[in-house]
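Note sheet for the following structure.
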Protein chains: 2
Amino acid sequence: MQNVDTLIYAGWIIPVVPENVVYEHHAIAINEGKIIAILPSDQAASSFTARLTHRLNTHLVIPGLINTHTHAAMTLLRGFASDLPLSDWLTQRIWRAETACVSREFVAEGTKLAIAEMLRGGVTCFNDMYFFPDVVAEVAEQVGMRASIGLIVIDFPTVWAQNPDEYLQKGREVYQRFEQHPLLKFTVSPHAPYTVSDAPLQAAYQLAESLDLRFHIHVHETADEITQSLAQYQLRPLERLDKLGVLSSRTLAVHLTQLTEAEITQLAEKSVHVLHCPESNLKLASGFCPITQLHQAGVNVALGTDGAASNDDLDMLGEMRTAALLAKGVSQNAKSIPANVALQMATLNGARALGIDHLTGSLEAGKAADLVAIDMQQIETQPIYDILSQLVYSVSRERVTDVWIAGKHLLKSRALTSLDIRDVAAKTVLWRDKVLHSIAEK
Amino acid sequence: MQNVDTLIYAGWIIPVVPENVVYEHHAIAINEGKIIAILPSDQAASSFTARLTHRLNTHLVIPGLINTHTHAAMTLLRGFASDLPLSDWLTQRIWRAETACVSREFVAEGTKLAIAEMLRGGVTCFNDMYFFPDVVAEVAEQVGMRASIGLIVIDFPTVWAQNPDEYLQKGREVYQRFEQHPLLKFTVSPHAPYTVSDAPLQAAYQLAESLDLRFHIHVHETADEITQSLAQYQLRPLERLDKLGVLSSRTLAVHLTQLTEAEITQLAEKSVHVLHCPESNLKLASGFCPITQLHQAGVNVALGTDGAASNDDLDMLGEMRTAALLAKGVSQNAKSIPANVALQMATLNGARALGIDHLTGSLEAGKAADLVAIDMQQIETQPIYDILSQLVYSVSRERVTDVWIAGKHLLKSRALTSLDIRDVAAKTVLWRDKVLHSIAEK
């Protein structure tokens with residue numbers, strides 16, 4: 001008998017690797033934050049003794065969901081600007097509110113709200129792009145959340161930095177401060193081709209190369225972006241990024257709603273990762289990212305919620321469902337992005353994109369114990385013919401009962417163990433009032 | 001002081017009529033199943049005494065949601081055939097299971113499961129199309145659910161009837177049996193242009209006219225349907241229906257993913273109601289119903305989930321959100337189908353389509369007390385800048401706490417009062433086993 005920290009018995013386990021496999025009545029043995037073994041329940045009982053045993057016989061256990069694109073602090077602006085196109089949304093509402101309110105405290109409280117919501121919905125890792133990345137790192141560390149944090153770069157001055165050089169310098173300092181943290185990674189994150197000029201784009205890419213980080217950027221979000229780029233640079237944004245030498249397996253390209261066939265081939269050849277945010281693209285009427293063709297071309301497609309100000313939630317189970325449904329509608333093929341592929345996009349493909357698939361993204365011995373338990377007994381997920389279909393097409397995030405990150409039990413029967421949810425809720429109400437007052441004053 | 005049965009104090013009330021209005025800190029007075037008044041909380045306290053008082057200060061109260069197209073009993077086939085196009089889904093999976101299993105008991109248990117799910121998600125009325133409409137009526141009556149029940153007509157024999165004449169005759173008998181029921185209405189429901197030939201379509205329309213009922217039919221669900229109709233009749237299905245004289249304000253046309261501009265004008269001119277089922281259309285890759293143009297042309301567009309075998313839920317809050325998001329994506333206009341219009345489609349427009357807008361669909365004095373309370377205090381719906389935006393874009397159905405139909409409290413702090421949910425769940429598991437066994441035997 002081997003001693004371990006935790007044994008989780010589950011009705012079903014979908015490990016993601018191997019593909020298309022469901023283990024019924026199995027257990028996961030966890031020690032020192034890592035998965036030691038996944039084996040039939042009776043074998044687990046005769047092989048392991050555990051300090052903590054969880055019996056989740058009506059539950060499905062899956063790898064923690066990976067939200068590969070969000071702006072966590074913007075959760076404080078959820079519902080602040082609905083039913084507007086991207087340009088009006090950004091310039092008339094969001095940037096005004098941000099100019100008036102964004103501060104270290106705003107980012108700290110907004111990120112706590114976002115992490116609380118994500119943990120309650122089975123998200124164990126998020127890839128962020130926002131100001132004050134050091135604050136995001138502090139909050140993630142404090143809560144025990146896995147995160148990939150963007151070191152933002154933008155041409156114009158903000159409360160975080162005055163110019164591209166300062167963004168890059170401050171980004172490097174944040175990286176150096178948290179470099180050794182086991183749950184934190186960083187990306188260099190120029191905002192978009194239309195907000196970052198050539199020299200800082202190249203400098204950002206060089207920083208990413210020198211620190212071996214991902215290069216995370218919004219690209220081809222709308223048709224307007226293409227038109228503007230053609231007018232200003234006589235190049236489509238992807239063409240311009242390619243000329244600047246910043247497209248590679250290091251590159252995380254968010255949105256890509258406007259793609260030619262040649263560009264799809266190019267993305268595959270360059271091994272660029274595509275971060276697909278279907279609900280934000282729908283809400284802002286940005287266009288449809290052709291994930292069926294991207295997936296067929298061999299491009300790694302992962303999923304993100306985008307910020308809650310354009311979604312309006314950080315619900316990766318919902319995003320996975322929308323991605324699977326929308327891909328069928330857009331490609332006019334009901335077999336496109338079947339349930340198992342959608343789940344891969346929400347887990348393993350996200351880990352690949354962020355360069356952490358050796359650590360997480362599937363339930364395999366040796367990987368971190370980042371996992372989510374979902375109660376399947378409610379009538380809304382009954383009857384069960386195919387547990388994978390129920391997971392993608394029927395489950396809602398309120399059925400997530402427990403979440404572990406690196407073996408730590410951060411959501412326990414729906415209660416957060418490392419965040420005071422009443423304090424988060426109270427601060428959220430205060431921030432809403434501050435946003436409304438500061439907007440009214442202007 | 002006036003005596004009433006019930007007073008409900010709410011943090012917010014969205015009555016739908018008048019449009020775009022939110023009442024904060026108001027109360028709804030209910031007597032003998034009807035809304036007597038909606039007034040500020042302090043005035044309510046000094047004007048009414050009630051046998052039952054509910055204080056829902058963190059809740060939003062809205063009209064009950066109206067699911068204008070479903071096949072309730074098919075909830076027993078949820079997840080039975082995912083990731084398949086309509087033709088394969090129908091002929092290879094669904095019809096096989098139905099042939100093997102559909103019976104009075106299947107319909108009774110499936111309808112109970114569906115109603116349980118709908119009530120837990122804030123749906124107070126559903127428009128059904130399935131076999132054994134008498135059983136659907138019995139179950140709805142027993143539970144106290146408002147329903148519009150399809151008297152199905154189809155060319156081929158099933159367990160319900162052998163030929164169109166028998167379908168019509170049995171339908172008439174079901175209508176006569178329940179004609180006086182205050183919560184039940186009926187529609188004459190030929191399945192689709194491709195499964196019902198000309199004579200029974202006309203006979204069905206005549207029956208609808210003679211009983212003053214709606215005429216409820218799937219139309220233009222897929223491009224294949226158009227192609228087949230052109231080959232067989234040298235007419236597009238809508239053209240054929242028009243020639244047969246069955247398009248009018250009596251007609252409920254479900255799906256309509258394939259429409260020319262002339263057809264949109266024709267639907268508006270004939271006052272046909274469109275029942276839009278966006279999630280089913282996505283999952284079966286059927287196409288996009290152009291609801292932005294239909295709405296602009298003045299067509300009454302209402303929402304439905306379709307059956308849970310192609311959705312895979314009966315979640316009208318989710319369907320409203322998908323409809324609002326998808327309309328923006330498809331029309332390339334982020335202002336299309338804003339939150340208030342989406343809510344109308346899920347409530348008042350549904351009541352109009354079913355011909356019951358004098359009874360329900362909005363919160364107005366004199367209408368039935370069909371209403372839903374939603375807890376808005378959870379962090380997933382915070383902060384609140386715009387309660388209507390939160391309702392459409394952030395709320396999930398698990399936040400529905402209470403539902404009343406005609407003043408009866410059918411969901412009470414999430415517990416069903418007129419259905420034994422354990423029994424429903426147990427029967428659902430038994431039916432899954434029967435379906436699997438009967439399919440295996442064939």
Side-chain angles (χ1 to χ4, degrees), chain A residues 76-80 82-86 88-89 113 116-117 120-121 223 279 281-288 308 311-313 315 322 325-326 328-329 331-336 338-339 377 379-380 382-386 389-390 392-394 396-398 421 424-425 428-429 431-432 435-436, chain B residues 76-80 82-86 88-89 113 116-117 120-121 223 279 281-288 308 311-313 315 322 325-326 328-329 331-336 338-339 377 379-380 382-386 389-390 392-394 396-398 421 424-425 428-429 431-432 435-436:
Chain A
L76 288 175
L77 299 175
R78 187 203 312 274
F80 178 66
S82 281
D83 302 323
L84 293 173
L86 180 64
D88 297 350
W89 175 84
L113 174 62
E117 179 180 351
R120 279 158 58 99
E279 293 186 6
N281 294 159
L282 287 171
K283 188 155 188 243
L284 299 171
S286 302
F288 302 120
N311 183 309
D312 293 356
D313 60 42
D315 175 2
T322 300
L325 292 178
L326 188 63
K328 298 177 206 325
S331 68
Q332 300 178 44
N333 179 0
K335 295 178 183 172
S336 166
Q377 208 176 16
I379 57 160
E380 284 78 4
Q382 291 286 338
I384 298 172
Y385 294 99
D386 173 352
S389 174
Q390 298 305 76
V392 174
Y393 299 116
S394 302
S396 67
R397 62 173 167 172
E398 279 79 3
I421 197 167
V424 169
T428 299
V429 172
W431 273 105
R432 183 210 49 191
V435 169
L436 291 175
Chain B
L76 289 175
L77 299 175
R78 188 203 311 276
F80 178 67
S82 282
D83 302 322
L84 293 173
L86 180 64
D88 297 351
W89 175 85
L113 173 62
E117 179 180 351
R120 280 159 57 98
E279 293 185 6
N281 294 159
L282 286 172
K283 188 156 187 242
L284 299 172
S286 303
F288 302 120
N311 184 309
D312 294 355
D313 60 43
D315 176 3
T322 300
L325 292 179
L326 187 62
K328 298 177 206 325
S331 68
Q332 300 177 44
N333 178 0
K335 295 178 183 172
S336 166
Q377 209 175 15
I379 57 160
E380 284 79 3
Q382 291 286 338
I384 298 172
Y385 294 100
D386 173 351
S389 174
Q390 298 306 75
V392 174
Y393 300 116
S394 302
S396 68
R397 63 173 167 171
E398 279 79 3
I421 197 167
V424 169
T428 299
V429 172
W431 274 105
R432 183 209 49 190
V435 169
L436 291 176

| query | Given that the side chain runs from C-beta out, which part of B:Leu284 has a heavy atom under 4.5 Å from chain A: side chain, backbone, both or neither? | reply | backbone

| remark: So, the part of B:Glu380 with a heavy atom under 4.5 Å from chain A: the answer is both

| field | Pairwise distance NZ(A:Lys328) to OG(B:Ser82) - rounded to 0.5 angstrom | value | 8.0 Å

| note | CG of B:Leu326 to CG of A:Leu326, rounded to nearest 0.5 Å, is 7.0 Å

| said: Let's test your reading of the structure: which of A:Asp88, A:Val429, A:Ile384, A:Val424 forms the most heavy-atom pairs below 4.5 Å with chain B? | reply: A:Ile384

| task | Taking A:Thr428 for its side chain and B:Pro383 for its backbone only, find out whether a donor-acceptor pair lies under 3.5 Å. | result | no

| task | Name the option with the most non-hydrogen atom pairs under 4.5 Å to chain B; the candidates are A:Gln390, A:Glu279, A:Gln332, A:Arg120. | result | A:Arg120

| field | Contacting moiety of B:Leu86, where chain A heavy atoms sit under 4.5 Å | value | neither

| task | Starting at OG of B:Ser396, measure out to CD of A:Glu398 and round the result to the nearest 0.5 Å. | result | 3.0 Å

| Tell me, side chain or backbone of B:Asn311 under 4.5 Å from chain A's heavy atoms, or both, or neither? | both

| message | Ring-plane angle category for A:Phe80 and B:Tyr385, please: parallel below 30°, perpendicular beyond 60°, tilted otherwise. | response | perpendicular

| task | Name the region of B:Asn333, side chain, backbone, both or neither, that has any atom closer than 4.5 Å to a heavy atom of chain A. | result | backbone

